[in-house]
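In listed order, ligands and their atoms are each counted from 1. In this chain, residues are counted from 1 in sequence order. All of these numbers come straight from a predicted model, not from anything done at the bench.
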Amino acid sequence: MREKIIAGNWKMNLSIPEGVKLVEDIEHYLAKRPLQTKVIVAPSFTHLYSINQLNCLHVKLSAQNCHESKKGAFTGEISPLILQDLGVQYVILGHSERRELFGESDALIRAKIEQCLSMKLKPIICCGESLEERRKNKHFEVVKEQLNTALYGLQEKSLKECMIAYEPVWAIGTGETASPEQAQEMHAYIRRFLGSICHYNETISILYGGSCKPSNAQAIFSQKDVDGGLIGGASLNSEDFIELIHLRELM
Ligand code: 13P
């Protein structure tokens, strides 16, 4: 059985008190009812210490990025070793905002994935095509190339620790979502690709991300190969995020 997942990528939002309150609210909700759905939040690095101090039993912590080295002279960067100290279990890698705005290449993302895996941090590996690439019907090719560079040649025991997030760039923060059919088609493609490189394609979780919110989540989460969501805007308030957890649990 694949895990059901709801992960919140806060990006560069929320003050530390706001972030702590949000996690307290989610934890409180989860403490009252046992759910199968795994709930993860990815705050800014600066928030991790305070949130880890809450000692949550239900809400798991992710980082939004990390450096590909364990330590060294890399001013302004965060090492996976430090993330471990902060109770972080997951790291989002290869988000399209990192690729586009900070010039991260497939090769760099691969190096980060390997370093995280060596430190027992689970990568949430993002992939997805631009609007232009979809218009040119290149979306499968683009996603395959991204995932191939990220994953090909990794040991099976490493691959099974990874999670994939399909985030079509044209759907991120735009209010435009992939249709449930478009999401399912790509998720099934990704699962077949995973099957070509390892035996864990039926157990690796594939999340959808891109303007996912309570009003459209039900149709997306009910797709066979959609295991959950990587949520941006709607992860910033407890009502929407808890509603998304609830919808994922039901589907
Ligand atoms: P939105 O849900 O705000 O579109 O962001 C999605 C995303 O980028 C999650 O990583």
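- Between Leu230 and ligand 1, no N or O atom pair is found at a separation short of 3.5 Å.
- For atom 2 (O) of ligand 1, the closest non-hydrogen atom on the protein side is Gly232 N, 3.0 Å.
- In summary, Glu104 and Lys112 engage in a salt bridge, as defined by a charged side-chain N under 4.0 Å from a carboxylate O.
- Considering backbone and side-chain atoms together, Gly233 places an N or O closer than 3.5 Å to an N or O of ligand 1.
- In the vicinity of Ser211, heavy-atom distances shorter than 4.0 Å reach the ligand 1 atoms 1 (P), 2 (O), 4 (O).
- Below 4.0 Å from some heavy atom of Gly210 lie the following atoms of ligand 1, by number and element: 4 (O), 6 (C).
- The protein atom (non-hydrogen) at minimum distance from atom 7 (C) of ligand 1 is Glu167 OE2, 3.2 Å.
- No side-chain donor-acceptor contact under 3.5 Å links Glu129 to the backbone of Arg134.
- Aromatic ring pairs are classed by plane angle as parallel below 30°, tilted from 30° to 60° and perpendicular above 60°; the pair His187 and Tyr166 is perpendicular.
- In this structure, the side chain of Gln84 does not engage the main chain of Pro80 through any donor-acceptor pair within 3.5 Å.
- Within the cation-pi definition used here (under 6.0 Å to the ring centroid, within 45° of the axis), Arg192 does not qualify as a partner of Tyr189.
- Geometrically, ligand 1 and Thr174 share no nitrogen or oxygen pair separated by less than 3.5 Å.
- A salt bridge between Arg2 and Glu202 is present, with a side-chain N of the basic residue lying under 4.0 Å from a carboxylate O of the acidic one.
- Figure legend: Arg33 and Tyr29 shown as a cation-pi pair, the cationic atom lying under 6.0 angstrom from the six-membered ring centre and within 45 degrees of its axis.
- Residue-level proximity to ligand 1 for Ile172 is carried by backbone and side chain together, each with a heavy atom below 4.0 angstrom.
- The shortest heavy-atom contact between Pro43 and Val41 is CD-O, 3.3 Å.
- Polar contact with ligand 1: absent for Gly209 (N/O pair, distance under 3.5 Å).
- In this structure, Lys11 is part of the shell of residues with a heavy atom less than 4.0 angstrom from ligand 1.
- In terms of N/O distances under 3.5 Å, ligand 1 is not approached by Glu97.
- For the residue pair Ser50/Gln53, the side-chain donor-acceptor check at 3.5 Å is not satisfied.
- No heavy atom of Ala234 sits closer than 4.0 Å to any atom of ligand 1.
- The contact set between ligand 1 and Ala171, taken as ligand atoms under 4.0 Å from a residue heavy atom, comprises 4 (O).
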